[in-house]
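Numbering of ligands and ligand atoms starts at 1, following listing order. The chain is numbered in sequence order, starting from 1.
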Amino acid sequence: MKNILVTGGAGYIGSHTVVQLIEKGYAPIILDDFRNSHETVIRELETITGKKVPVIAVDVCDKKEVAAALEGMQIEGVIHFAAYKAVGESVTNPLQYYRNNIESLVTILDWSVRNKVTNFIFSSSCTIYGEPEGVKEVTEGTQPGIVRSPYGQTKVIGEQILTDVKKSGAPLNMLALRYFNPIGAHPSGLIGELPIGKPNNLLPFITQTAVGIQPELTVFGSDYPTPDGTCIRDYIHVMDIADAHVQGLHFLETTPLQDVEFINIGTGKGTSVLELIRTFENVSGQAVPWKFGEKRHGDVAEIYANPAKSKKLLNWSTKYTTEDAVRDAWRWELNIRR
Ligand code: WQD
């Protein structure tokens, strides 16, 4: 079995990817210091997969600790998720974001090159597109607009680092997967998104409002140039994102690349804030108290993926609907409140 090192593997997208890697016959090894995730996730992963998942609990920025912990291990591939990802927090704590998100990538890339790892997948984000001028559906070649948050900048810089490492002749096959808006949870209800404190993202805020943790949802802005005046995003089930990583590994194992490949991971469908609220209420049968509020700084009116490249290169397309994701997110919310 191929050992795949999954940094941040106890996190939201990381943990769902670990499940799918095991399903497809890989041997994932989690490298996570649980600063942004819970150790209970490991037990749930073993319940879901029936497999013991090895965990290396070290700081992925610590070159010495990483080298010591991985000494002598045969690692065929690396998926690097470990990073801070709260846009708002990155604006108030830019240095924490630059240090952690850049240093972790440099450390694990350096280790990978020294240890002759072949396949490397970087967790990137649609945030790198910023506010593309007058473009709603983005392809990988879309000229990015202004990227306002330090979080987004760390992903722009991260992609540049991969490009420069490739140009240096390092024998690494590399993919950067640009996720759109991850939502939902594993259908078992045993793992899902665990926002720390008040959720920044829309769907966790909806489900927390529906269970009464949050008193009311504020819809940020009602007069955007969209059909119902609220922002449109490409919400994609986290299980589909997890599958994209397994397909990405297979692609790298079978395709020697001259350059880094950058691939959008989205559904290709836009959904407005009000549409997502309505979908939640229809699926859950639970009303969500909400009101309109001020626009949130940095929000773009409408952005969604053109998924053609992911279909062509990864032989991957989404299998889950928005309804599936909302249903799975609601089941997860109810489970963690029990
Ligand atoms: C979606 C829409 C809000 C909360 C972010 C990151 C991106 C990626 C996904 C990591 C927007 C509106 C939200 C609320 C609201 N993460 N909203 N009330 O901002 O598109 O993307 O998460 O890679 O990098 O930027 O997602 O869920 O925060 O917002 O009206 O209480 O919901 O204004 O229009 P976003 P989001």
Under the side-chain hydrogen bond (donor to acceptor under 3.5 Å, both in side chains) test, residues paired with Lys311 that sit two or more places apart: none

With Tyr129 via side-chain hydrogen bond (donor to acceptor under 3.5 Å, both in side chains) - residues at least two apart: Arg178, Asn264

Inter- and intrachain pairs under ring pair (Phe, Tyr, Trp, His ring centres under 6.0 Å), touching residues 202-242, at least two apart: His237-Tyr320

Distance flag, aromatic centroids of His250 and Tyr26, threshold under 6.0 Å: no

His38 ring center near Phe34 ring center (under 6.0 Å): no

Contact residues of ligand 1, where a non-hydrogen atom lies under 4.0 Å away: Val87, Ser125, Thr127, Tyr151, Asn181, Asn200, Asn201, Leu202, Phe205, Leu217, Thr218, Val219, Phe220, Cys231, Arg233, Tyr235, Val273, Arg296, Asp299

Candidate pair Ser188 and His186, rule side-chain hydrogen bond (donor to acceptor under 3.5 Å, both in side chains), full reasoning: CA-CA 5 Å; Ser188 67; His186 189 270; 2.7 Å; yes

